[in-house]
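A, B, ... follow the sequence lines: proteins, then strands. Residue 1 opens every chain.
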Number of protein chains: 2
Amino acid sequence: MRPERTIQDIVQEGGKYFMPSVSLDCVIFGFHENELKVLLLKMKNMDQWALPGGFIYKDEDIEDAATRVLRERTGLHDIFLQQFKVFGLPNRSDKKHHLNIMKKDGIKVGKDHWLIQRFITVGFYALVDFAVVIPEPDMNSVSCEWHEIHSISELFMDHKDILDNALETLRLQLNHQPIGYNLLPQKFTMPELQKLYETILDKKLDRRNFQRRMNGFGFVKRLKETRKGGAHKAPFLYNFDLRKYKKALQEGLQGGW
Amino acid sequence: MRPERTIQDIVQEGGKYFMPSVSLDCVIFGFHENELKVLLLKMKNMDQWALPGGFIYKDEDIEDAATRVLRERTGLHDIFLQQFKVFGLPNRSDKKHHLNIMKKDGIKVGKDHWLIQRFITVGFYALVDFAVVIPEPDMNSVSCEWHEIHSISELFMDHKDILDNALETLRLQLNHQPIGYNLLPQKFTMPELQKLYETILDKKLDRRNFQRRMNGFGFVKRLKETRKGGAHKAPFLYNFDLRKYKKALQEGLQGGW
DNA sequence: ACAAAAGTGTTGTCGATACACCCATGG
DNA sequence: CCATGGGTGTATCGACAACACTTTTGT
């Protein structure tokens with residue numbers, strides 16, 4: 001375990017234990033009420049939202065650092081995450097802005113301070129079960145909330161660009177990564193799975209053909225229970241046969257959508 | 001243009017103008033005599049081969065830095081390149097080894113020297129037309145040569161891992177990136193294109209079905225010339241209709257292989 | 001003339017699409 | 001009881017795999 005740090009400690013001493021010039025940002029996807037959502041932080045003293053992110057300890061693997069950030073924001077330990085791109089434009093960070101934040105927090109820093117150097121950031125996307133996440137803001141933010149993916153228009157720095165890239169990656173990897181498994185609860189209904197696919201692909205699919213195809217793959221198992229409570233006919237619940245699912249993904253699910 | 005540097009200047013002064021802790025490495029693919037090849041550097045004072053790589057100037061975009069490295073090793077200006085992964089294990093660089101190299105070159109450095117800090121590296125892959133490349137070693141190497149992809153067993157540091165990842169990425173992106181266009185000369189034959197696909201996918205394809213499918217896509221155009229010189233029947237030459245090719249790739253070429 | 005490589009054609013099968021119909025449930 | 005959503009069945013079409021045959025060229 002890494003020690004808890006205060007914001008003052010990080011600003012003043014972070015240069016000693018964090019890697020210089022490298023950060024990471026996480027696009028955390030969740031699925032709830034038939035909508036794809038992303039976990040965002042409302043920043044202190046600002047009217048902007050940002051992706052959860054962090055720095056990397058000098059002796060820490062980058063993936064471990066991402067896992068740590070994920071754990072801190074969601075409370076979850078075992079999370080599916082995947083690095084997808086480095087964002088490294090020289091002017092991507094707004095140095096004036098950083099200085100302002102620190103001023104407001106009453107922290108004075110020199111021009112060669114580690115936090116106002118150029119930073120590149122490694123983008124990760126993570127897939128979580130919405131229901132079990134307990135969102136927790138970090139030191140720089142006042143709240144941590146889910147946002148519907150299509151209602152996000154502007155974010156801190158280049159974070160909107162990072163988000164768009166994550167979504168695009170998700171789309172491309174839909175046939176190669178266990179996306180359904182990680183975004184849905186253990187038990188789910190066919191219409192839910194379909195909605196997930198439709199949201200990610202941003203297109204409508206035929207209900208019956210979708211079901212036939214999914215069943216044809218052989219990695220979903222229908223249970224004897226149904227999802228009660230909703231109006232209309234109660235749909236059956238399914239779960240994934242993880243063995244078969246992963247095996248099928250290795251080859252990539254055949255055919256387009 | 002960036003200035004030419006001596007190795008001494010880089011070792012002693014590099015910390016001033018390069019980003020700390022971040023490097024890049026390029027997997028440069030070429031296709032020749034029906035074989036997929038990679039451009040490697042034979043390192044000075046060592047029995048190992050390495051991927052071409054470099055550092056990033058403090059005010060330089062990472063993609064530009066990669067382009068610069070590519071230009072220096074191949075002589076080419078317009079190169080297709082794509083970032084594919086960050087390699088960031090804490091122990092990936094061998095500090096002792098770096099110290100040794102510098103010693104052999106008669107350079108003394110302290111323990112806090114910028115070159116023996118932990119480095120993460122951004123992996124790029126590049127696709128070039130084999131015929132027009134003029135391989136050029138860098139300051140740390142004695143030669144720069146093409147190596148057949150399957151005959152490479154061990155490389156410097158984690159470069160073999162980087163190479164394997166690049167190849168895997170190439171495979172996954174075969175239906176989404178203009179891989180044929182960039183690896184083949186302007187004019188090429190169907191059997192050549194097929195061999196390229198077979199090499200990347202590592203499986204045999206049916207000659208006739210391959211041709212029908214390629215023609216069906218509509219982005220290859222058969223010319224009236226044939227490839228003379230070889231034995232047996234002369235195959236027709238083709239070229240890409242870049243407009244249609246890119247359009248088709250946007251959707252992704254349908255169907256698996 | 002023969003071997004080897006390239007061009008062209010045909011057929012069967014399987015999977016995706018586009019439908020229509022039946023069942024269950026809440027208002 | 002009816003609107004709505006969910007489950008199941010079927011016909012059609014197209015794409016791909018598997019195959020055979022013809023054409024060209026060098027030796």
What is the distance, to the nearest angstrom, from the [atom1] atom on [X] to the [atom2] atom on [N]?
| X | N | atom1 | atom2 | value |
| --- | --- | --- | --- | --- |
| A:N215 | D:dG6 | CG | P | 15 Å |
| B:F236 | C:dG7 | CZ | C1' | 8 Å |
| B:K195 | C:dA5 | NZ | C1' | 13 Å |
| B:L237 | C:dA6 | CG | C1' | 13 Å |
| B:Y238 | C:dA6 | OH | P | 11 Å |
| A:Q194 | D:dG7 | CD | C1' | 13 Å |
| B:L205 | D:dA18 | CG | P | 11 Å |
| B:M214 | C:dA6 | CE | P | 16 Å |

Original post:
What is the minimum heavy-atom distance between B:G88 and B:I120, and which atoms define it?
Top reply: CA-CG2, 3.8 Å
Original post:
Under 6.0 Å between the ring centres of A:F188 and A:F240?
Top reply: yes
**OP:** Decide yes or no for B:F29 and B:L183: does some side-chain heavy atom of the first lie under 4.5 Å from some side-chain heavy atom of the second?
**Re:**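 Yes, side chains in contact.
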**OP:** Determine whether A:F31 and A:K195 make a side-chain contact, defined as any pair of heavy atoms from C-beta on separated by less than 4.5 Å.
**Re:**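 With C-beta onward as the side chain, the pair touches.
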**OP:** Pick base, sugar-phosphate or nothing for B:R227, based on heavy-atom distances below 4.0 Å to the nucleic acid.
**Re:**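 Counting heavy atoms under 4.0 Å across all strands, no contact is made by B:R227.
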Original post:
Do B:N209 and B:R212 have a side chain donor and acceptor closer than 3.5 Å?
Top reply: yes
Subject >> Protein proximity profile, nucleotides 19-27 of chain C - base contact B, sugar-phosphate-only contact S, no contact -, cut-off 4.0 Å on heavy atoms >> reply: BB--BBBS-
Original post:
Taking for each residue the nucleotide of DNA chain C bearing the nearest heavy atom, is the 5' side occupied by A:F217 or by B:Q211?
Top reply: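 Checking each residue's closest nucleotide, the 5'-ward one belongs to B:Q211.
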**OP:** Decide salt bridge (charged side-chain N to carboxylate O under 4.0 Å, His left out) for B:D206 and B:R208; before the verdict, give the C-alpha distance in whole Å, the side-chain angles of both, and the deciding distance to 0.1 Å.
**Re:** CA-CA 6 Å; B:D206 183 277; B:R208 297 146 287 194; 3.3 Å; yes
